[in-house]
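See structure below.
Predicted, not measured: the structure shown is a model, and the values here were computed from it.
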Amino acid sequence: MKPWPLLTPPAALAWLALMLGQPGVGLLQLIGALALVGAVVAAVHHAEVVAHRVGEPLGTLVLALAITVIEVALIVSLMLSGGATAAALPRDTLYATVMIICNGVIGACLLVGGLRHREQSFQVAGTGPALAALVVLCTIALVMPVFTTSSPEGTYTEAQLVFVGLASSALWAVYVFVQTVSHRDYFLPASDAADESVHAQPPTRLQAGLSALLLPLALVAVVGLAKALSPLVEGLVNAASLPKAVVGIVIALVVLMPETWAALRAARANRLQTSMNLALGSALASIGLTVPAVVVAATWLDLPLVLGLAPKEMAMLAMTFLVSAITLGTGRTHLMQGAVHLVVFAAFVFLAFVP
């Protein structure tokens with residue numbers, strides 16, 4: 001194993017500790033941004049090493065689950081520190097994550113794969129149920145609070161929150177069981193003889209063990225540096241008189257960088273099934289793990305929680321799922337599908353800047 005993947009995560013964490021000890025804007029933030037890029041590259045490298053050792057589809061689950069667990073910890077900590085001002089933070093984060101993954105990540109993968117390979121394929125038997133589960137989770141978590149009548153609009157009662165938390169975690173657990181045990185073959189990418197990574201020698205147990213230890217460190221550095229750089233982003237947003245939601249989108253984009261890069265590399269290598277496993281698996285884990293954690297924090301500590309989306313966001317979410325059902329319904333893709341998803345993603349970003 002080359003030395004840079006071993007040295008980058010601890011170096012990024014060390015620089016994060018230095019930034020937290022000396023807050024301010026200047027050279028620290030500039031080098032912190034470079035450290036963030038290095039941590040993302042290292043995270044993708046170590047995730048691919050572990051994935052090659054354990055095989056698919058467990059390999060894609062490693063990166064998705066690791067990032068989601070850290071993202072959940074970040075959201076809950078911000079809820080605890082923000083109090084009433086962070087009531088809508090989980091909703092905004094979940095919405096941004098779903099829109100970025102379903103439109104930005106998937107769209108970029110389809111476009112890159114289409115440009116390089118003209119057409120690509122994946123198994124609808126695995127992707128279809130994952131998309132259906134994502135539609136259900138997003139609807140009960142982000143849409144139904146607007147229409148319930150037992151509490152103010154956009155919120156759930158405590159009993160409703162408990163039901164949503166249990167339903168979200170149960171559906172995610174079923175998906176993981178299907179993906180890794182009962183119907184594992186539905187999520188396996190087709191073998192490509194031209195792809196050297198398919199038939200490359202698997203990493204040794206020592207190499208895989210080191211990557212398994214360094215992957216969480218790299219992901220902690222990614223999230224920590226993203227949070228440490230958020231005041232700089234907030235300052236730029238305020239200076240430009242942009243909506244507060246832009247800050248959440250920028251942070252979500254940074255946190256999702258490792259998954260995005262890994263998915264794009266897989267699509268470019270003609271392993272679109274791996275890209276789909278990463279994208280949809282990450283979106284499902286984000287809701288399936290975040291919602292129960294947020295429910296526990298809100299009910300246990302009596303924190304305010306607003307989950308219901310505004311009409312504009314609900315319309316964008318509905319369009320995203322309708323487009324996804326059409327573009328991913330046949331199991332074969334080309335660059336046109338990618339262009340459609342990226343236009344939806346561009347509309348999401350533009351309307352966040354110009355609401």
Side-chain angles (χ1 to χ4, degrees), residues 1-22 27-74 77 105 180 189 195-230 232 251-269 271 274-275 277-279 281-282 285 289:
M1 184 179 291
K2 297 179 181 179
W4 71 263
L6 302 176
L7 300 177
T8 301
L13 285 174
W15 198 261
L16 173 61
L18 183 61
M19 290 180 63
L20 295 177
Q22 301 181 22
L27 185 60
L28 281 176
Q29 280 66 30
L30 177 60
I31 300 178
L34 297 176
L36 176 61
V37 174
V40 168
V41 176
V44 174
H45 172 82
H46 291 303
E48 290 181 341
V49 171
V50 175
H52 198 183
R53 178 71 187 185
V54 302
E56 293 291 344
L58 285 173
T60 54
L61 186 63
V62 170
L63 181 58
L65 190 57
I67 289 181
T68 303
V69 169
I70 296 174
E71 184 181 10
V72 168
L74 178 61
S77 66
V105 178
T180 59
D195 180 15
E196 294 182 0
S197 64
V198 172
H199 49 79
Q201 184 70 22
T204 65
R205 186 172 299 179
L206 176 60
Q207 290 173 326
L210 285 174
S211 290
L213 290 175
L214 291 171
L215 174 59
L217 296 182
L219 293 175
V220 168
V222 170
V223 177
L225 288 168
K227 190 174 185 297
L229 292 170
S230 61
L232 175 61
I251 294 176
L253 283 169
V254 173
V255 172
L256 290 171
M257 280 176 63
E259 290 168 306
T260 302
W261 193 347
L264 286 173
R265 284 166 59 94
R268 192 172 184 274
R271 300 197 310 272
T274 299
S275 301
N277 292 348
L278 271 170
S282 298
L289 294 178

Looking at every non-hydrogen atom in both residues, tell me the closest pair between [X] and [Y] and how far apart they are.
X    : Y    : result
W15  : L28  : NE1-O, 3.2 Å
T8   : G38  : CG2-O, 3.3 Å
P9   : L217 : CB-CB, 4.1 Å
L225 : M19  : CD2-SD, 3.8 Å
A35  : A12  : O-CB, 4.1 Å
H45  : P5   : CD2-CB, 3.4 Å

So how far is it from S211 OG to L6 CG, rounded to the nearest 0.5 Å? 7.5 Å
First locate atom CG of L278, then atom CZ of R265, and finally report the distance between them rounded to the nearest 0.5 Å. 11.5 Å
Would L256 and V105 count as a side-chain contact (heavy atoms from CB on, under 4.5 Å) here? Give the steps. CA-CA 9 Å; L256 290 171; V105 178; 5.7 Å; no
Do the non-hydrogen side-chain atoms of Q207 and R53 ever get within less than 4.5 Å of each other? no
In the structure I gave you, are the side-chain heavy atoms of L36 and V222 within less than 4.5 Å of one another anywhere? yes
Could I get the full list of side chain to side chain contact (heavy atoms under 4.5 Å, CB included) partners for L34, not counting sequence neighbours? none
How would you list, by chain and number, every residue that makes a salt bridge (charged side-chain N to carboxylate O under 4.0 Å, His left out) with R268, sequence neighbours excluded? none
From the list L214, L219, L210, side-chain contact (heavy atoms from CB on, under 4.5 Å) with H46 holds only for L214
